[in-house]
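Note that these values count all heavy atoms, side chains included, but never hydrogens, waters or copies made by symmetry.
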Amino acid sequence: MELKSETFRPDKVNPEDPDPETLAPEDLPARRGGGEPPHFYPEQLLLPVAHLPWGVLLIATGIGLYFSMPIEPNPALVALLLSATALLWALFPRHLNATGTISAHLPLTIVLLVLIGFSAATYRANGTATPLLKDQWKSHTLKLIVEEVHPLTRNRIRYIGRVENLSYLPQLAWPKRVRLSAPDQGPRFTYGDKICARVMLKRPDGPLYPKGYDFARALWFQSIGGSGYSLSPLKQCPGVSQVAAGAPHTFGAPQVKSLIAALRNAISARLETGLTETQRAFAQALIIGERGGIPKAQLEAVRKAGLGHLLAISGLHMAVFAGTVFFLLRAFMALSPNLTQTVAIKKWAAAGALFSGGLYFLISGQSIPTQRAFLMITIMFVAIMIERPALTLRNVTLAALVILLFRPESLLTPGFQMSFAAVTALVAIYQLYMNQPKPEDENVAKLSSPLARPFIYLGGILLTSLIATIATAPYAIYHFHQLSYMGPVGNLLAIPVFTVLIMPAAVATLALMPFGLEGVVLPLFGVSIDILLAIAQWTASFDPALLYTGSITVHALIFATLAGLVFLFAKKHTARWAALPLALAALYTAKPNSRPDVYINKEGTVITIRGADGKLHAPDSRKGNFEISKWLRAEGDSRSPGEIRQSQYLLCDDAACSAVVKGRSLTLIKSIAALEEACQTSDIVIYHRTIRRRCSHPELTLSTPELKRGGATALYIENTPQLSELQKSQKKSPAHNREKSGRIIVKTANSQRRHRLWGGAGQRE
């Protein structure tokens, strides 16, 4: 797809000429009127244009500092500090040095940019503030105004909406929004409907283990203060369906949002005729962003094959969708010689592609990854319309800057990190290639021959996949604790099918729907999806298809990010060597110093212990499959929860489960009948209720108050020294033996987050 301006003349460009976008002001040619260039340029208000990526990095640093704080900062104090720094910066004398850097302002500029990021995160967190429910299940009668609808599985659906009434609580204690799952039976409710039901609600859950992903923090920025499930069938409440004014995270007026929801439902219904159930589920994921209907086996195969990014509407989908429209519009207008001579058809095609991309954005669910993708193509097509280069690092940086200022919480999401890592690496290497001397005409002719083009295309896909895989690997390991061995192979086979068949078929399907002619192209759409699934199944059949890496530290992620930025943005080849020590530091700090010996969920009902074989083991129970699977992935363990149950290291009956972990006896109490014996014989006692009697023998007792306060807990047991024969013969007391043995270190998920807004800081329990 040609993205250069039509006024661009490659034959008139000297390859030795520097890129004007990377020049300092004094290096730019003098203006036509002659004279010296001005001493200060508006675009250098904070940093030179060439240093814009580092400015965005400083803003991201400020956002990261906000989220890493152990307590919630005072918004008034943050605003005062930002204002004082900005005033000091404005009053300080300004001048440009020989390199174009505002040298006298550089320290203040760095501080100011960090404070801008910190203030943006503080404002955003306080702007989405909502009362939180108590951290325990409670039954309520709920009246909810539906704002979002998301299918979870084939028989369950999730509603997110604004609370209009919540029983047993005063109005000031109602959360702004709640998330509710219910059986997908009967007609589905849509945007603006008012539903009533008897529900079980509680505060959104935090991390499943210390320093794990904070689910409650993600929901806080959506103003969701409660989550749960329905106890009775959902029904339409009496009264007019309407959405309260000022609802957060809505697009435009309620009527517009309702129209978009109706359009999405109509598209979903039209896809039901002409496609099989599996094909329809994938088509809905690609067009309207709903993945809940995809069968579990196919979804797992796609992920193992490294093709999971094809199911989340993001940059690739938006680029192929809008790019297809751009190509078709330009080709259609080029059929008219008169039109090509009188109209800038490339600009008109870019405008049409941008409009179609906007429609696709609206019907695709407007998720955060889709917002990033739409912003990127908006910048790209606007650049085409104003005759500027479309694929530049400046455009990528501007997109990141806009997102970080308006959605600073995106910095912590895997979608933001992985998408911008991949796009930045691809654009930087593309620009590096474009700046290299081109081969001789004879070699160009050989490469442009019809026989060579398919190999060049496939080679480009493989190279792109390798670059994207390397760029996103640290973030995939940090967030998901795994990498796909077969990702490059799967993408090499699947991307041509996706770009040449699937997305053009999706464009044609949407274009023909208003005329009722989508049935003409739906068979091709379905066959293309079947081909993609066959590729995913074949690629995932290799064993092992995934590398389970275990968790890594945040320090390693930061070092890896800095190494990548230095390598991509260094102006000189010798400066790129600075990335090497940063990469080595990332490898050195990657693994945590130690792994927990015991994992405990926040209710105290699910545990895993580390056996003598060094692996995790769990009691034989159906509870806690989700928690256990996350603990296993954090360990880099590929086993399923079912494979670690019925272990020889755990002895269980109806009353309790007992184990020995590094010389310490541990008891998980199920029934009050086992409490007395556990209090007399165990070193560690875990009970999911309050222990009201004295339990003095255990070195550590975890019951409801401790677990409620600390959340998910991890125990680290230091190695117990072996007693000598003399010590054994002296028959020291149990207390003396424990004093000689290693400590039990307790780490909880809520140790710091309970002092943050999403952890309930300042709210009554």
Return the minimal non-hydrogen interatomic distance between T190 and D193, and the atom names on each side.
-> N-OD2, 2.8 Å
For residues Y475 and T561, report the shortest heavy-atom separation together with the two atoms involved.
-> OH-OG1, 2.8 Å
Those residues at least two apart in sequence (or on a different chain) that pass side-chain contact (heavy atoms from CB on, under 4.5 Å) with A540 are A301, K304
K630/F626 under side-chain contact (heavy atoms from CB on, under 4.5 Å): CA gap, chis, key distance, verdict | CA-CA 6 Å; K630 295 300 181 182; F626 180 71; 3.6 Å; yes
Hey, could you give me the CG/CD distance between L271 and Q279, rounded to the nearest 0.5 Å?
-> 11.0 Å
Min side-chain heavy-atom separation L328-F332 under 4.5 Å | no
Less than 4.5 Å apart, any side-chain heavy atom of L311 and any of L299?
-> yes
Can you tell me how far CZ of F189 sits from CG of L234, rounded to the nearest 0.5 angstrom?
-> 5.5 Å
Heavy atoms, side chains only, cut-off 4.5 Å: are V149 and Y159 in contact?
-> yes
Distance-only criterion, 3.5 Å: show the donor-acceptor pairs between side-chain atoms of residues 354-361 and protein atoms not counting sequence neighbours.
unit_1 : atom_1 : unit_2 : atom_2 : d
S356   : OG     : G352   : O      : 3.4
S356   : OG     : A353   : O      : 2.8
Y360   : OH     : L286   : O      : 2.5

For residues Y191 and I260, determine if any side-chain heavy atom of one lies less than 4.5 Å from a side-chain heavy atom of the other.
-> no
Do W220 and E409 come within less than 4.5 Å of each other through their side chains, counting heavy atoms only?
-> no
Note: I224 and R179 closest approach over all heavy atoms is CG2-N, 4.0 Å
Check: residues 512-529 side-chain donor-acceptor pairs under 3.5 Å, at least two apart:
unit_1 : atom_1 : unit_2 : atom_2 : d
E518   : OE1    : R270   : NH2    : 3.0
E518   : OE2    : R270   : NE     : 2.9
E518   : OE2    : R270   : NH2    : 3.4
S528   : OG     : L524   : O      : 2.7

Determine whether R177 and E148 make a side-chain contact, defined as any pair of heavy atoms from C-beta on separated by less than 4.5 Å.
-> yes
Could you walk me through whether Q417 and H479 pass the side-chain contact (heavy atoms from CB on, under 4.5 Å) check?
-> CA-CA 10 Å; Q417 296 171 9; H479 291 285; 2.8 Å; yes
Any chance you could measure L375, atom CG, to M318, atom CE, to the nearest 0.5 Å?
-> 10.5 Å
May I ask you to decide if T128's main-chain N or O and S223's side chain share a donor-acceptor pair within less than 3.5 Å?
-> yes
Specify whether F416 and F420 have parallel, tilted or perpendicular ring planes, treating 30° as the upper limit for parallel and 60° as the lower limit for perpendicular.
-> tilted
Just how far is it from atom CG of L180 to atom CG of L144, taken to the nearest 0.5 Å?
-> 6.5 Å
For the pair L510 and I363, evaluate side-chain contact (heavy atoms from CB on, under 4.5 Å) and give the outcome as yes or no after the intermediate values.
-> CA-CA 11 Å; L510 290 175; I363 65 172; 3.9 Å; yes
Do you know which two heavy atoms are closest between H317 and A312, and how far apart they sit?
-> CE1-O, 3.1 Å
Report yes if some heavy atom in the side chain of T340 is under 4.5 Å from a heavy atom in the side chain of L335; otherwise report no.
-> no
Donor-acceptor contact below 3.5 Å, side chain S268 vs main chain N265 | no
Applying side chain to side chain contact (heavy atoms under 4.5 Å, CB included) between V497 and each of L501, I495, T499, report the one that passes.
-> L501
Nearest heavy atoms of L632 and R639, plus distance in Å = CD1-O, 3.2 Å
Rounded to the nearest 0.5 Å, what separation is found between the CD1 atom of I313 and the OG atom of S364?
-> 4.5 Å
How long is the gap from CD1 on I145 to CD1 on I160, to the nearest 0.5 Å?
-> 15.0 Å
Side chains of F480 and R303 in contact at under 4.5 Å (non-hydrogen atoms) | no
Is R280 atom CZ crowded by more than 12 heavy atoms from other residues, nucleotides or ligands, each under 6.0 Å away?
-> yes
Shortest non-hydrogen contact from L483 to A476?
-> CD2-CB, 4.0 Å
